[in-house]
Amino acid sequence: MRIAVLVSGRGSNLQALIDARTRGELPLDIAAVASDRSRCAALKRASDAGIVTIALNPRDFPDRPAFDRALFAALSDLGPDLVILAGFMRILDENVVAGASWPMINIHPSLLPKYPGLDTHARALAAGDTDHGASVHVVIPTLDSGPVIAQARIAVAPGDTPDVLAQRLLPREHALLTATVRLIARRRLALTPAEIQFDGRKLLAPLQLDERDELHLDPSIHCLA
Ligand code: GRF
């Protein structure tokens with residue numbers, strides 16, 4: 001399986017994928033890492049790992065769709081089986097996303113459908129949530145709204161601040177993204193435009209990450225059609 005990863009910043013989720021692949025836990029080829037920020041730490045992590053990098057500057061394009069079309073043309077040249085958005089901080093043009101011929105997934109720091117968009121940790125705290133977490137979902141033209149494949153949960157503790165919560169969640173994000181990509185690479189998860197399939201059956205509720213960093217069906221609800 002060939003993947004491409006889109007990044008904009010720190011790249012710790014990308015690093016988790018690179019490390020898992022180095023450990024032999026992810027049977028896939030990272031064809032390239034692409035970014036809208038040529039100097040971001042994530043691109044450095046990719047080149048340090050010997051991965052092809054692609055940087056496109058939004059300022060070189062007249063508008064958002066033109067940038068997105070150029071980015072997706074570069075991705076298309078790679079022939080990816082899967083594109084992973086791992087801290088890619090741009091909203092993608094709906095028509096460009098709709099025209100992609102490969103599945104795309106995104107990692108988002110909330111228990112979707114709660115808190116699409118930014119400031120997820122502060123919003124969870126402001127709402128008095130006792131549970132917080134991260135989701136990996138299929139990318140569709142509407143932001144942070146595609147079917148959720150898998151989630152990792154953490155408890156909110158008294159005195160948590162947005163920063164503390166973000167810090168505690170981050171290692172769970174890494175484990176969540178890695179475990180999800182592993183199931184896709186092992187063909188146990190299949191992403192079709194119509195549905196997510198897990199072991200050949202339609203997945204109705206997100207898989208849950210356990211403390212051993214493995215994904216399983218949620219025992220409290222009916223998960224498979
Ligand atoms: C993560 O919190 C991810 O959920 C969100 O952006 C952040 C990226 O972090 N989409 P990193 O660049 O992977 O360290």
Side-chain angles (χ1 to χ4, degrees), residues 3-22 26 28 30 32-49 51 53-56 58 68 71 82-92 97 103-125 129 131-154 156 160-182 184 206-209 213 215:
I3 67 163
V5 187
L6 301 186
V7 294
S8 296
R10 174 179 58 183
S12 67
N13 278 287
L14 168 68
Q15 191 68 55
L17 295 176
I18 294 171
D19 292 347
R21 190 194 56 159
T22 305
L26 280 185
L28 51 78
I30 305 180
V33 173
S35 181
D36 57 323
R37 297 189 194 158
S38 62
R39 299 162 74 92
C40 71
L43 277 191
K44 168 90 168 56
R45 292 177 191 265
S47 54
D48 285 353
I51 299 167
T53 61
I54 298 168
L56 296 180
D68 293 349
L71 176 64
L82 175 72
V83 171
I84 301 173
L85 278 59
F88 185 65
M89 298 308 288
R90 284 177 64 85
I91 295 175
L92 290 164
V97 171
M104 286 190 282
I105 62 173
N106 178 45
I107 179 145
H108 182 76
S110 80
L111 294 173
L112 290 170
K114 281 185 170 180
Y115 319 128
L118 298 173
D119 301 324
T120 55
H121 313 299
R123 288 156 73 196
L125 288 174
D129 291 355
D131 259 10
H132 186 45
S135 306
V136 174
H137 66 92
V138 179
V139 174
I140 62 166
T142 312
L143 181 72
D144 297 336
S145 299
V148 179
I149 306 167
Q151 291 181 320
R153 288 166 189 274
I154 60 170
V156 177
D160 272 346
T161 64
D163 283 352
V164 167
L165 213 45
Q167 225 173 33
R168 206 161 69 244
L169 183 59
L170 193 62
R172 304 309 293 148
E173 286 192 34
H174 299 160
L176 174 67
L177 183 62
T178 305
T180 307
V181 174
R182 188 184 304 127
I184 296 172
L207 298 172
Q208 301 294 315
L209 190 73
D213 295 349
L215 287 168

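Whatever order the structure lists them in is the order used to number ligands and atoms, beginning at 1.
Atom 6 (O) of ligand 1 has Gly87 CA, 3.6 Å as its closest protein atom, hydrogens excluded (heavy atom only). For atom 10 (N) of ligand 1, the closest non-hydrogen atom on the protein side is Ile107 O, 2.9 Å. Considering only non-hydrogen protein atoms, atom 11 (P) of ligand 1 sits nearest to Ser12 N, 3.4 Å.
Ligand 1 lies nowhere less than 4.0 angstrom from a heavy atom belonging to Ala42.
No side-chain heavy atom of Leu17 sits less than 4.5 Å from a side-chain heavy atom of Asp19. Contact check for Ile149 versus Val138: side-chain heavy atoms found under the 4.5 Å cut-off. Residues Val5 and Asn13 have side chains not in contact (no heavy-atom distance under 4.5 Å, counting atoms from C-beta outward).
Formation of a donor-acceptor pair under 3.5 Å by the Arg123 side chain with backbone atoms of Lys114 is not found in this model.
For the atom pair His137 NE2 and His108 NE2, the distance stands at 7.0 Å (nearest 0.5 Å). Taken from CG in Asp163 to CZ in Arg168, the straight-line distance is 12.5 Å, to the nearest 0.5 Å.
Against a heavy-atom cut-off of under 4.0 Å, Glu173 is close to the following atoms of ligand 1: 1 (C), 2 (O), 3 (C), 4 (O). The ligand atoms of ligand 1 that sit less than 4.0 angstrom from a heavy atom of Pro109 are 4 (O), 5 (C). Using a 4.0 Å cut-off to heavy atoms of Arg10, the atoms of ligand 1 that qualify are 9 (O), 11 (P), 12 (O), 14 (O).
Taking distance alone, with nitrogen or oxygen atoms compared against 3.5 Å, Gly11 approaches ligand 1 more closely than that limit. Polar contact with ligand 1: absent for Asn106 (N/O pair, distance under 3.5 Å).
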Please report the C-alpha distance between Asp129 and Leu125 in whole Å, then the side-chain angles of each, then the deciding distance to 0.1 Å, and finally whether the side-chain contact (heavy atoms from CB on, under 4.5 Å) criterion is met. CA-CA 6 Å; Asp129 291 355; Leu125 288 174; over 6 Å; no
